[in-house]
Enquirer: 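Sharing a structure with you now.
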2 protein chains.
Amino acid sequence: MILKSQVEWALHCCAILAGLPEGRYLSTKALAELHGLPKEYLSKALQSLSQASLVDTTLGPSGGYRLARPSSEISFLEIVEAVEGKARSFTCTNIRENNPCRPAGYCDSKPCAVARVMWEADEAWRNTLRRVRLSDLVGTLSEDVPPDIWRDTFEWVLKRAG
Amino acid sequence: MILKSQVEWALHCCAILAGLPEGRYLSTKALAELHGLPKEYLSKALQSLSQASLVDTTLGPSGGYRLARPSSEISFLEIVEAVEGKARSFTCTNIRENNPCRPAGYCDSKPCAVARVMWEADEAWRNTLRRVRLSDLVGTLSEDVPPDIWRDTFEWVLKRAG
DNA sequence: GGTTTGCGGATATTATATATCCTTAATTCC
DNA sequence: GGAATTAAGGATATATAATATCCGCAAACC
Ligand code: FES
Ligand code: FES
């Protein structure tokens with residue numbers, strides 16, 4: 001079980017978008033260059049964010065992406081699910097049905113106990129991500145990253161923002 | 001991100017092994033037939049359990065698998081990690097290093113804030129699985145499964161246990 | 001009108017999961 | 001002792017998913 005690298009990309013891109021001034025857009029090209037990522041493939045991740053209505057887009061030379069909502073109203077989980085999908089990590093293939101001791105046509109009243117535990121763990125994972133807001137991430141980053149690098153980065157970004 | 005189906009197989013097999021009388025073994029063949037699984041491939045999952053020291057094995061016509069410890073001392077997490085691996089679901093590829101505004105040779109003091117949140121969620125997932133014992137699963141199953149099917153199944157198993 | 005941009009489809013490449021086959025050594029039963 | 005059965009591990013094949021690139025389209029800007 002391994003998450004796509006697009007999850008890392010999307011989260012970092014959203015953190016950058018969260019620092020954009022009101023109404024400005026940042027292009028795939030700039031985001032790819034800033035993070036050293038393949039532009040075409042990063043574009044797929046950003047399209048996922050767009051389809052999930054987490055970002056707004058606009059076309060043309062000064063176009064690109066911006067957050068659709070304030071960063072305090074976007075959760076980690078929304079970003080992760082946008083690129084990774086909402087499907088649970090554990091899928092039950094109902095192997096209990098193959099038990100030769102089961103009467104033919106017997107129908108289970110509940111999902112299997114094994115699956116229920118695995119899904120509970122999945123929920124715990126999602127709940128952790130649900131509780132973290134994008135604005136929390138930006139706050140932590142601004143503490144971790146040295147002030148001069150932080151400032152230079154947003155200067156770099158603003159120079160390219162449409 | 002999707003767990004291997006071997007996780008479902010291993011958990012169900014362990015639940016069966018937990019019901020074996022002291023000192024008896026159950027073969028791959030029987031476990032595969034009981035769950036309707038490909039014998040050769042299920043064998044790989046059972047080998048993983050063996051390598052993790054969760055089960056004991058013995059060779060020969062009456063050989064097979066049994067739990068290495070009481071089911072109350074085996075957690076869901078141990079079984080899941082045996083087949084799925086202990087690696088975290090999120091891997092940081094350090095894309096922050098590609099930021100062109102970073103001075104050459106700059107070294108981060110902490111893991112990235114994005115990764116820390118993802119790893120925290122991963123820990124929440126693992127903690128949920130750590131708290132559930134194999135004996136808990138057997139207890140739940142014995143409540144869910146109708147008594148006659150439950151009894152027939154273990155009769156079926158005992159007929160094949162070495 | 002030429003350029004830039006996001007978008008979606010098609011395609012190629014790589015890695016992983018799934019599955020089978022075969023050999024070896026240990027154990028049981030006759 | 002010999003035949004049958006079993007787990008273990010290596011080699012290999014197939015299917016599916018992740019990664020990556022390319023192209024054409026329509027909207028927006030100059
Ligand atoms: S039958 Fe799928 S988890 Fe039990
Ligand atoms: S650089 Fe990997 S998660 Fe931030």
Side-chain angles (χ1 to χ4, degrees), chain A residues 1-10 13 17 23-33 35-66 68 80 82-85 87 89-91 93 95 160-162, chain B residues 1-10 13 17 23-33 35-66 68 80 82-85 87 89-91 93 95 160-162:
Chain A
M1 179 190 59
I2 188 78
L3 291 165
K4 321 196 224 203
S5 54
Q6 293 207 352
V7 171
E8 184 184 7
W9 305 358
C13 286
L17 294 182
R24 314 274 302 267
Y25 293 86
L26 194 60
S27 70
T28 307
K29 183 163 173 255
L31 287 167
E33 197 180 338
H35 296 111
L37 301 173
K39 179 166 98 68
E40 315 284 349
Y41 193 32
L42 172 63
S43 165
K44 300 296 183 187
L46 298 172
Q47 282 174 44
S48 299
L49 295 179
S50 173
Q51 284 171 343
S53 299
L54 294 176
V55 296
D56 289 334
T57 71
T58 188
L59 293 175
S62 66
Y65 298 87
R66 71 177 178 201
V80 171
V83 303
E84 190 63 38
S89 58
F90 178 88
T91 53
T93 61
I95 59 177
R160 287 155 181 86
Chain B
M1 178 190 59
I2 188 80
L3 291 165
K4 319 196 224 203
S5 55
Q6 292 207 351
V7 170
E8 184 184 9
W9 304 359
C13 286
L17 294 183
R24 314 272 305 264
Y25 293 87
L26 195 61
S27 70
T28 306
K29 184 163 172 254
L31 286 167
E33 197 180 339
H35 297 111
L37 302 173
K39 179 166 97 69
E40 316 283 349
Y41 193 33
L42 172 62
S43 165
K44 301 296 185 188
L46 298 173
Q47 283 174 42
S48 299
L49 296 179
S50 172
Q51 283 171 344
S53 299
L54 293 176
V55 296
D56 289 333
T57 70
T58 187
L59 292 175
S62 66
Y65 298 86
R66 73 177 177 200
V80 172
V83 303
E84 190 62 37
S89 58
F90 179 87
T91 53
T93 61
I95 60 176
R160 287 155 181 86

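Heavy-atom basis, side chains included; hydrogens, waters and symmetry copies ignored. Convention: sequence-line order gives letters A, B, ...; per-chain numbering from 1.
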Enquirer: In whole angstrom, what separates B:Leu17's CG from D:dA7's P?
Expert: 11 Å
Enquirer: If you define the side chain from C-beta out and look only at heavy atoms, does anything of B:Arg24 sit under 4.5 Å from B:Arg66?
Expert: no
Enquirer: For the pair made of CD in A:Glu33 and C1' in C:dT4, what is the distance, rounded to whole Å?
Expert: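 That distance rounds to 15 Å.
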Enquirer: Mapping A:Gly60 and A:Gln51 to their closest nucleotides on DNA chain C, which lands nearer the 5' end?
Expert: A:Gly60
Enquirer: Rounded to whole angstroms, how far apart are CG on B:Leu31 and C1' on D:dT6?
Expert: 13 Å
Enquirer: Let's see if you can work this out: which of D:dT6, D:dA8, C:dT5 has an atom nearest to the side-chain heavy atoms of B:Tyr65?
Expert: D:dA8
Enquirer: Give the rounded distance in Å between these two atoms: CD of B:Gln47 and P of D:dT6.
Expert: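 From B:Gln47 CD to D:dT6 P: 15 Å.
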Enquirer: So, does A:Thr28 get its side chain near the phosphate of C:dG6, meaning an N or O under 4.0 Å from OP1 or OP2?
Expert: yes
Enquirer: Which part of the nucleic acid, if any, lies within contact of B:Tyr25, taking any heavy atom under 4.0 Å across all strands shown: a base, the sugar-phosphate backbone alone, or nothing?
Expert: nothing
Enquirer: Classify A:Ser50 by what it touches in the nucleic acid, base, sugar-phosphate, or nothing, heavy-atom distance under 4.0 Å.
Expert: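 A:Ser50: backbone/sugar contact only, no base atoms under 4.0 Å.
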Enquirer: Can you measure A:Arg24 atom CZ to C:dT5 atom C1' for me and round it to whole angstrom units?
Expert: 16 Å
Enquirer: Looking across every strand, which nucleic acid part, if any, lies under 4.0 Å from B:Thr58 by heavy atom: base, sugar-phosphate, or nothing?
Expert: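 Counting heavy atoms under 4.0 Å across all strands, the contact made by B:Thr58 is with sugar-phosphate only.
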Enquirer: To the nearest Å, how far apart are B:Leu37 CG and C:dA19 P?
Expert: 9 Å
Enquirer: Taking OP1 and OP2 of C:dT27, is either one under 4.0 Å from a side-chain nitrogen or oxygen of B:Ser62?
Expert: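 For C:dT27, neither OP1 nor OP2 has a side-chain N or O of B:Ser62 closer than 4.0 Å.
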Enquirer: Please report the closest heavy-atom contact between B:Gly63 and B:Tyr25, naming both atoms and the distance.
Expert: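 Scanning both residues, the minimum pair turns out to be C-CB, 4.0 Å.
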Enquirer: May I ask you to say what B:Gly64 touches in the nucleic acid, namely base, sugar-phosphate or nothing, with a heavy-atom cut-off under 4.0 Å?
Expert: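 Answer is sugar-phosphate: B:Gly64 comes under 4.0 Å of backbone atoms only.
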Enquirer: Have B:Ser48 and B:Gln6 got a donor and an acceptor in their side chains that come within less than 3.5 Å?
Expert: no
Enquirer: A:Glu84 side chain to A:Val7 main-chain N or O, any donor-acceptor pair under 3.5 Å?
Expert: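 Absent.
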Enquirer: Just to confirm, is there a sub-4.0 Å distance from OP1 or OP2 of D:dA8 to any side-chain nitrogen or oxygen of B:Thr57?
Expert: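 Result: yes.
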Enquirer: Would you give a per-nucleotide map of nucleotides 15-22 of chain D, 5' to 3', where B means the base has a protein non-hydrogen atom under 4.0 Å away, S means only the sugar-phosphate does, and - means neither?
Expert: ---SBBBB
